[in-house]
Amino acid sequence: MVDPAYPALRLHDSHAREKRPFSPLDPQNVRIYFCGPTVYDRAHLGNLRAMLCADVLVRLLRTLYPCVTYVRNVTDVDDKITARALENGEDISALTERTTEAFHEDLRALDILPPDIEPRATHHIGDMLDLIARLIANGHAYEAEGHVLFAVRNFPTYGALSGRSLDDMIAGARVEVAPYKRDPGDFVLWKPSTPEQPGWESPYGRGRPGWHIECSAMSHRYLGESFDIHGGGDDLLFPHHENERAQSLCCFPGSKFATHWLHVGMLLSNGEKMSKSLGNFHTIREALERSPAEPLRLLYLGAHYRSTLDFSWEKLEEARRTLDRLYRALERGNPQPDAAIPASVMDALCDDLNTPLAISTLHPLADAAMQGDQDAASGLLAAGKLLGLFTVSPADWFQSGVDASAIETLIEERLAARKSRDFARADAIRAELSASGITLEDGPSGTTWRKA
RNA sequence: GGUCCGGUGGCAGAGUGGUGAUGUAGCGGACUGCAAAUCCGCGAAUGUGGGUUCGAUUCCCGCCCGGACCUCCA
C-alpha cells in the first residue's frame with residue numbers, strides 16, 4: 001500500500017498527454033520497464049539522462065511502495081553493433097561485453113542503481129520468435145521474402161501512442177518503402193541475415209530480429225502482459241514505443257501493455273540534440289574526467305525530465321558550486337541519518353517528478369543547517385539521499401584526493417608568519433596553495449582548507 | 001512538407017486566473033590583516049498581436065522564434 005504519510009504520485013503519461021494519478025496494477029509490486037542502451041560504443045551524456053531519470057523515479061517508487069521490479073534491457077544485436085565490430089575487427093560478443101561493462105561502470109560512477117533485471121536481447125531470441133509466431137497466427141504479421149512484417153493497418157489504434165496517423169506519416173513520405181511491404185508503415189519483426197551477419201535459425205530462415213520486438217518479448221517475460229510504467233528517451237516514442245505497443249497488444253489481446261508511458265526530454269548541446277550522428281556529444285567518461293559525478297547528477301536534476309536541457313561545462317561547474325554550499329551546510333548542521341524526507345521534497349517529486357522544484361526547497365534547509373539547525377540538516381541529507389546526492393561525507397567532498405599533510409605544514413608555516421605579522425609571506429602561502437587548487441579559510445577556531 | 005513540444009529576470013529554472021519561487025551572476029553593506037566562507041540588503045523577467053475575463057504570465061486563436069519526431073538514436 002502507499003504510505004499515507006506521502007502525497008499521491010502523479011505522473012505525466014505520454015499516451016494520455018496529461019498528468020495522471022499513478023495507481024499500480026499491483027501495489028505490492030510496481031513494475032517498470034525502461035529501454036536501455038544499444039551497446040556498440042561508450043554512452044554519452046545524452047544517453048545518461050533517461051537512465052538518471054529512471055533512477056530517481058525508481059528511488060521514489062521504492063519509498064512509496066513495498067516492492068518495485070525495474071527492468072532495463074541491453075540491446076546487443078543491432079546493425080550498428082555488427083558494423084562497429086567489423087570496423088574494429090572485433091568479435092561481436094567481445095564488443096558488446098566490453099561496451100556493456102563500460103556502460104555499467106559509467107552508471108555506477110553516477111550512483112545510478114542497477115535494474116533488478118537487465119535482460120539482453122540475444123538471450124531472448126526464442127521469446128521473440130514466440131511472439132512473432134503469435135502475430136502471424138492471429139493475422140497481425142506476414143512473411144515476405146524472408147522477412148516477417150507487422151501489418152500496421154490491422155491494428156486500429158496504431159499511432160495512438162505517439163499521436164500521429166498513418167496517413168500523415170505517409171504524406172511525409174520519408175520512409176523508403178520496401179517492395180515487399182503491404183503498407184509503407186509496416187515494420188520488420190524478423191529479417192534475413194547474410195552469412196556474415198549474426199543470425200539465428202527460425203521458421204523464416206536464418207535471420208535476426210527487428211529492433212522493436214525485443215522489448216515486447218523481454219517486458220512480457222519479466223513483467224507480464226500488463227505492467228505499470230514504460231519509459232525511455234523522447235526519441236523512442238516513435239517508432240520504437242509505438243511499434244512495441246502495437247506488437248504487444250496484438251500478441252495479448254485484452255492486455256494493457258504499459259499503463260503509463262514516460263518520455264524523457266532530450267539533452268541538447270548548443271541548442272541541438274546531443275547525438276552520435278551529429279557528433280556534438282561528450283561521453284559520460286569524459287565528463288567524469290572533468291568533474292566529480294554528483295554535479296552531473298545535480299545538473300540533470302535541475303531541469304524537469306520532460307523539458308530539454310542544454311548541456312554546458314559552465315552549468316556543470318555551477319552545479320559543483322551549488323553542491324559546495326549544500327555540503328557546507330551538512331558540515332555545519334551535523335545531520336542525523338535516516339531522518340524523514342522533508343514534505344516539500346516529497347510533494348515536488350510526487351508531482352510528476354518535479355526535481356527542480358524539489359531542489360529549490362533544499363536551499364532553505366541548507367540555510368537553516370548552515371546556522372546549526374540539526375533537524376534541517378538531517379532533512380537535507382535525507383532529501384539528497386533520495387535524489388542520489390550526498391554519497392560522500394563533507395570531509396571527502398572538500399578534501400579527498402589531496403595530500404593533507406603537505407597542506408597542514410604550509411598552514412603551520414603561514415600561521416607563524418601571521419603571528420609575526422609577516423603578511424606578505426602569509427599571502428604568498430595562500431597564493432601558492434590557491435594555485436594548486438586549495439582554498440584556505442581563516443576562521444575563529446583556526447585555518448581550514450578545502451579543494452577550490 | 002506532416003505531427004508534436006516549448007518560448008519566464010544576464011544565465012539556469014519552477015509555479016500560478018488576482019501585486020512572478022529558487023539558484024547563480026551583478027551591485028551595496030557586515031565580517032576579515034587580506035581572502036574565503038557566512039550573513040543582511042538592492043536592482044532585474046513572463047516572445048508578439050488579438051480574444052475570453054472584473055482581472056491572464058497562466059485559458060483560446062493567429063503570428064514570430066527555437067527544438068524534437070517522421071531514418072539509427074536515451
Side-chain angles (χ1 to χ4, degrees), chain A residues 14 17 34-38 40-41 43-54 72 75 78-81 83 159 162-176 185 211 231-240 242 263-268 271-278 281 298-299 301-310 312 314-315 317-319 321-322 324-326 328-329 331-332 344 348 351 354-364 366-367 370-371 417-418 421-424 426-427 430-431 434 438-444 447-450 452:
Chain A
S14 317
R17 274 170 274 280
F34 251 76
C35 290
T38 299
Y40 69 103
D41 201 356
H44 64 70
L45 292 174
N47 301 316
L48 176 61
R49 180 125 101 133
M51 301 300 104
L52 191 49
C53 173
R72 187 187 64 210
T75 298
D78 177 275
D79 289 351
K80 281 198 297 296
I81 295 173
S162 57
R164 54 191 79 203
S165 78
L166 277 167
D167 297 321
D168 285 345
M169 286 184 281
I170 291 155
R174 283 179 56 183
V175 196
E176 190 187 332
W211 174 31
D234 191 41
D235 53 357
L236 296 183
L237 178 58
F238 189 89
H240 185 54
E242 188 72 57
H263 288 95
V264 182
M266 292 294 104
L267 187 76
L268 271 37
E272 272 189 317
K273 177 178 169 179
M274 187 181 284
S275 70
K276 287 267 163 67
S277 50
L278 285 172
F281 65 93
L298 183 66
L299 167 59
L301 265 29
H304 186 89
Y305 77 87
R306 281 194 293 112
S307 59
T308 53
L309 169 59
D310 204 346
S312 72
E314 292 70 27
K315 286 179 191 170
E317 174 58 22
E318 186 177 320
R321 286 194 302 267
T322 301
D324 278 343
R325 180 176 166 84
L326 297 178
R328 191 178 296 276
E331 192 172 46
R332 299 210 182 159
S344 62
D351 184 11
N354 193 337
T355 53
L357 185 59
I359 287 167
S360 77
T361 72
L362 259 34
H363 292 109
D367 292 342
M370 199 74 82
Q371 303 309 311
R418 290 175 70 204
R421 304 196 66 77
D422 180 0
F423 293 123
D427 289 350
R430 182 199 290 291
S434 176
I438 301 300
T439 299
L440 295 184
E441 299 182 343
D442 298 326
T447 299
T448 57
W449 63 274
R450 64 179 174 86

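Letters A, B, ... are given to chains in the order of the sequence lines, protein chains preceding strands, and every chain is numbered from 1. In what follows, every heavy atom counts, from backbone to side chain, and hydrogens, waters and symmetry copies are set aside.
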Any side-chain heavy atom of A:His304 within less than 4.5 Å of one from A:Asn354?
->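 Touching, per the 4.5 Å side-chain cut-off.
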Dump every N/O contact between nucleotides 32-35 of chain B and the protein below 3.5 Å, one line per pair.
{"residue": "B:G33", "atom": "O6", "partner": "A:Arg414", "partner atom": "NH2", "Å": "3.2"}
{"residue": "B:G33", "atom": "O6", "partner": "A:Arg418", "partner atom": "NE", "Å": "3.4"}
{"residue": "B:G33", "atom": "N1", "partner": "A:Asp427", "partner atom": "OD1", "Å": "2.8"}
{"residue": "B:G33", "atom": "N2", "partner": "A:Asp427", "partner atom": "OD1", "Å": "3.1"}
{"residue": "B:G33", "atom": "N2", "partner": "A:Asp427", "partner atom": "OD2", "Å": "2.5"}
{"residue": "B:C34", "atom": "N3", "partner": "A:Arg430", "partner atom": "NH2", "Å": "2.7"}
{"residue": "B:C34", "atom": "N4", "partner": "A:Arg430", "partner atom": "NH2", "Å": "3.2"}
{"residue": "B:C34", "atom": "N4", "partner": "A:Asp442", "partner atom": "OD2", "Å": "2.6"}
{"residue": "B:A35", "atom": "N6", "partner": "A:Asp442", "partner atom": "O", "Å": "3.0"}
{"residue": "B:A35", "atom": "N1", "partner": "A:Asp442", "partner atom": "N", "Å": "2.8"}
{"residue": "B:A35", "atom": "N3", "partner": "A:Arg430", "partner atom": "NH1", "Å": "2.9"}
{"residue": "B:A35", "atom": "N3", "partner": "A:Arg430", "partner atom": "NH2", "Å": "3.0"}

Of the candidate nucleotides B:G2, B:A21, B:U38, which contains the atom at the shortest distance from the side chain of A:Ser360?
->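 The listed nucleotide nearest to A:Ser360's side chain is B:A21.
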Between B:U38, B:A68, B:G23, which nucleotide has the shortest distance from any of its atoms to the side chain of A:His363?
->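 Nearest to the side-chain atoms of A:His363, counting from C-beta on, is B:G23.
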Specify the residue among A:Gly46 and A:Leu278 whose closest nucleotide of RNA chain B lies further upstream toward the 5′ end.
->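 The residue whose closest nucleotide sits nearer the 5' end is A:Leu278.
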Give, for atom CG of A:Leu301 and atom CD1 of A:Ile359, the distance between the pair rounded to the nearest 0.5 Å.
->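 The CG atom of A:Leu301 sits 4.5 Å away from the CD1 atom of A:Ile359.
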Distance check, [atom1] atoms only: [N] and [M], in whole angstrom units.
{"N": "B:C64", "M": "B:G49", "atom1": "C1'", "result": "10 Å"}
{"N": "B:G20", "M": "B:C42", "atom1": "P", "result": "15 Å"}
{"N": "B:G7", "M": "B:A14", "atom1": "C1'", "result": "15 Å"}
{"N": "B:G9", "M": "B:C59", "atom1": "C1'", "result": "25 Å"}

Output all residues satisfying salt bridge (charged side-chain N to carboxylate O under 4.0 Å, His left out) with A:Glu441, sequence neighbours left out; order by chain, then residue number.
->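 With neighbours one apart ignored, the set is A:Arg328, A:Arg450.
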With sequence neighbours excluded, tell me which residues meet salt bridge (charged side-chain N to carboxylate O under 4.0 Å, His left out) with A:Asp324.
->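 Listed in chain order: A:Arg320.
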Does a side-chain N-to-carboxylate-O contact under 4.0 Å join A:Asp367 and A:Arg325?
->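 Salt bridge flag = yes for A:Arg325 with A:Asp367.
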Should A:Arg49 and A:Asp234 count as an ion pair when the cut-off is N to O under 4.0 Å?
->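 No.
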What is the nucleic acid contact for A:Gly36, judged by heavy atoms within less than 4.0 Å: base, sugar-phosphate only, or nothing?
->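 The answer is sugar-phosphate, as A:Gly36 gets under 4.0 Å only of primed atoms, P, OP1 or OP2.
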Looking across every strand, which nucleic acid part, if any, lies under 4.0 Å from A:Leu267 by heavy atom: base, sugar-phosphate, or nothing?
->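 Base, at least one base heavy atom under 4.0 Å.
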Return the set of residues passing side-chain hydrogen bond (donor to acceptor under 3.5 Å, both in side chains) with A:Arg306 (not counting sequence neighbours), or none when no residue passes.
->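 In terms of side-chain hydrogen bond (donor to acceptor under 3.5 Å, both in side chains), with neighbours along the sequence ignored, A:Arg306 is linked to A:Asp352.
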What one-letter contact string describes nucleotides 9-15 of chain B from 5' to 3', where B marks a base within less than 4.0 Å of any protein heavy atom, S marks contact via sugar-phosphate atoms alone, and - marks no contact?
-> ---SSSS
Using a 3.5 Å limit on both pairing distances, list the dot-bracket string of RNA chain B from the 5' end; Watson-Crick and G-U wobble pairs count, crossing pairs take [ ], interstrand pairs take |.
-> (((((((..(((.....[...))).(((((.......)))))....(((((..]....))))))))))))....
Any donor-acceptor pair under 3.5 Å from A:Lys273 side chain to A:Gly46 backbone |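 A pair under 3.5 Å: no.
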